[in-house]
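Comments concern the structure below.
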2 protein chains.
Amino acid sequence: MGTTTGRRERLRAETTAEIKKVALGLMSSGGPDAITLRAIAREMGMTANAIYGYFATRDDLVTTLISDVYTSLADAVDAARDARPADDPAGRIAAWANAFRDWALTNPEGFRLIYGDPVPGYQAPETSAAPEAEHRVCAGLTGLAAGAWPHAKELYPEAEFEWSDFDPKLAAEVREEFPGLPPAAVAIALRIWGHLHGLVSLEIYGHMRVQTPRPDKIYRAELAQLIRGLGLPA
Amino acid sequence: MGTTTGRRERLRAETTAEIKKVALGLMSSGGPDAITLRAIAREMGMTANAIYGYFATRDDLVTTLISDVYTSLADAVDAARDARPADDPAGRIAAWANAFRDWALTNPEGFRLIYGDPVPGYQAPETSAAPEAEHRVCAGLTGLAAGAWPHAKELYPEAEFEWSDFDPKLAAEVREEFPGLPPAAVAIALRIWGHLHGLVSLEIYGHMRVQTPRPDKIYRAELAQLIRGLGLPA
DNA sequence: ATTAAAACTTCACGCCGTATAGTCGCCGCA
DNA sequence: TGCGGCGACTATACGGCGTGAAGTTTTAAT
């Protein structure tokens with residue numbers, strides 16, 4: 001029966017999943033630095049070298065983890081955004097942004113893994129470690145900008161950007177999903193990404209709390225100004 | 001002669017300086033991960049343990065480096081800002097922001113050292129690694145916000161923030177240097193910090209270039225909107 | 001010249017990633 | 001039922017890391 005070869009594959013998949021699970025556990029308890037092949041193996045009752053049967057190198061494992069974690073972030077923000085109706089662009093933006101910060105505060109080590117120097121000596125592959133998830137995040141943000149664009153277009157100069165200013169794949173997807181949307185809206189999306197990423201990043205890495213005990217208040221003010229700056233009703 | 005005791009101290013200071021210089025050199029050529037006691041010692045023709053006569057631990061050395069590098073960043077942005085006259089708040093903001101990004105692009109490893117996970121296993125001291133320099137950066141930003149406040153105050157709700165929302169030292173300094181400035185202006189400064197930090201950080205860590213070949217254009221648009229959002233004339 | 005301290009080396013330990021070679025058990029096939 | 005092969009795993013080893021303990025050399029002060 002073909003199930004026998006299926007069995008091996010299943011065992012293999014289970015072990016792979018356990019490696020990743022243990023690695024994520026180590027990360028959340030001891031930070032990304034705690035992701036070591038030896039520690040994972042110890043926890044699993046194996047030898048470190050056994051892991052090489054599943055991942056060619058430690059960086060390979062880390063890249064996979066980044067992709068998984070980034071996907072979970074993308075899922076979280078997408079879900080929060082889609083819980084609001086499409087005719088409430090301000091609410092969708094606020095939901096997305098709050099989900100982003102909440103996810104980061106809940107998974108600070110994951111945030112560092114995705115956006116920081118993930119692990120000692122890690123070299124990211126040429127193409128980004130999680131291009132697909134990062135792409136989803138940007139596309140989702142552009143969707144938010146698209147929802148706000150009818151209000152925002154009066155406030156922004158359209159002429160400054162061209163489609164060639166963006167990654168071809170991103171541009172193509174946006175033009176297909178939101179026909180008529182100008183490239184300037186994608187620029188807005190990237191700028192919003194930068195704003196939110198910056199505030200959350202400073203908070204996660206401890207730079208914000210030195211200046212203010214209420215980073216949440218700063219973030220809320222940011223949201224209010226963001227929505228106002230897009231010409232949306234509160 | 002008293003110069004004899006002075007000689008020892010001078011040699012000691014020179015060696016300390018050389019350790020830091022070599023460490024910074026390793027960092028700029030091989031990234032923060034390349035800062036290892038053994039590599040520094042190798043470069044200096046010493047043993048790794050000799051460094052323990054100058055720094056209690058590797059983390060101590062890294063903390064000192066962070067402080068030095070952060071100070072050089074603070075110097076750069078302060079100088080750029082002060083090159084513009086006080087009666088040109090928009091120009092001062094633009095100068096500060098451009099100096100910030102330029103410094104980061106020139107010293108990407110320094111940026112990672114300051115704002116990222118500096119080095120494998122590094123544990124920041126309880127109080128921030130470079131509180132003085134970080135303070136200067138925030139105070140400088142608040143100065144920019146103060147310059148813009150006469151124009152911006154119409155656009156922002158003042159009531160949302162109180163002085164107790166900020167670090168007492170920061171608040172005290174701001175209140176002394178800019179009497180009459182409301183706490184809302186400090187919130188604006190922190191938000192601007194977040195915006196610029198986020199865009200630069202995404203660029204430095206390679207997330208922005210995956211989405212756009214022209215991060216400079218995004219940054220320029222950010223600046224324009226920032227100045228416009230503060231009610232300043234371009 | 002003597003002495004005490006500072007600067008530096010040597011050796012050792014336990015981590016790490018990973019390359020190489022070898023062992024064991026399960027699979028399909030005769 | 002026996003057997004060959006292959007995949008999963010272990011054993012051993014190398015060089016790198018931070019760092020502690022102990023010993024040696026250099027230097028300044030008496």
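Chain naming here is simple, since letters A, B, ... match the order of the sequence lines and numbering starts at 1 in each.
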To the nearest Å, give me how far apart [atom1] ([X]) and [atom2] ([N]) are.
X       : N      : atom1 : atom2 : value
A:Phe55 : D:dA8  : CZ    : C1'   : 15 Å
A:Tyr52 : C:dT18 : OH    : P     : 3 Å
B:Asp33 : D:dG18 : CG    : P     : 11 Å
B:Glu18 : C:dC8  : CD    : C1'   : 15 Å
B:Arg38 : C:dG14 : CZ    : C1'   : 12 Å
A:Leu11 : C:dC26 : CG    : C1'   : 11 Å
A:Arg12 : C:dC27 : CZ    : P     : 16 Å
A:Ile51 : C:dT18 : CD1   : C1'   : 12 Å

Whether A:Asp167 side chain and A:Lys169 backbone form a donor-acceptor pair below 3.5 Å: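 Pair found, side chain donor or acceptor close to backbone of A:Lys169.
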
Taking only side-chain N and O atoms of B:Arg42, does any of them lie within less than 4.0 angstrom of OP1 or OP2 on D:dC17?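 Checking D:dC17 against B:Arg42, a side-chain N or O does come within under 4.0 Å of OP1 or OP2.
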
N or O in side chain of B:Thr36 less than 4.0 angstrom from D:dG16 OP1/OP2: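 Checking D:dG16 against B:Thr36, no side-chain N or O comes under 4.0 Å of OP1 or OP2.
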
Between B:Tyr70 and B:Tyr115: side-chain donor-acceptor atoms closer than 3.5 Å: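 B:Tyr115 and B:Tyr70 do have a side-chain donor-acceptor pair below 3.5 Å.
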
If we count only N and O atoms by modelled type, under 3.5 Å, do the side chains of B:Tyr52 and B:Thr57 hold a donor and an acceptor together?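 No.
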
What heavy-atom pair brings A:Ala139 and A:Glu173 nearest, and what distance separates the two atoms?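 Minimum heavy-atom separation between A:Ala139 and A:Glu173: CB-OE2, 3.4 Å.
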
Tabulate protein N/O versus nucleotide N/O from nucleotides 9-11 of chain D, keeping only pairs under 3.5 Å, one per line.
| residue | atom | partner | partner atom | Å |
| --- | --- | --- | --- | --- |
| D:dC9 | OP2 | A:Tyr54 | OH | 2.6 |
| D:dT10 | OP2 | A:Thr47 | N | 2.8 |
| D:dT10 | OP2 | A:Thr47 | OG1 | 2.7 |
| D:dT10 | O5' | A:Thr47 | OG1 | 3.0 |
| D:dA11 | N6 | A:Asn49 | ND2 | 2.4 |

Check A:Arg214 with A:Asp216, please: is the shortest side-chain N to carboxylate O separation under 4.0 Å?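 Looking at A:Arg214 together with A:Asp216, the answer is yes, because their closest N to O distance falls below 4.0 Å.
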
If I take atom CG from residue A:Leu202 and atom CD from residue A:Gln211, how far apart are they, to the nearest 0.5 angstrom?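 Here the rounded value is 9.5 Å.
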
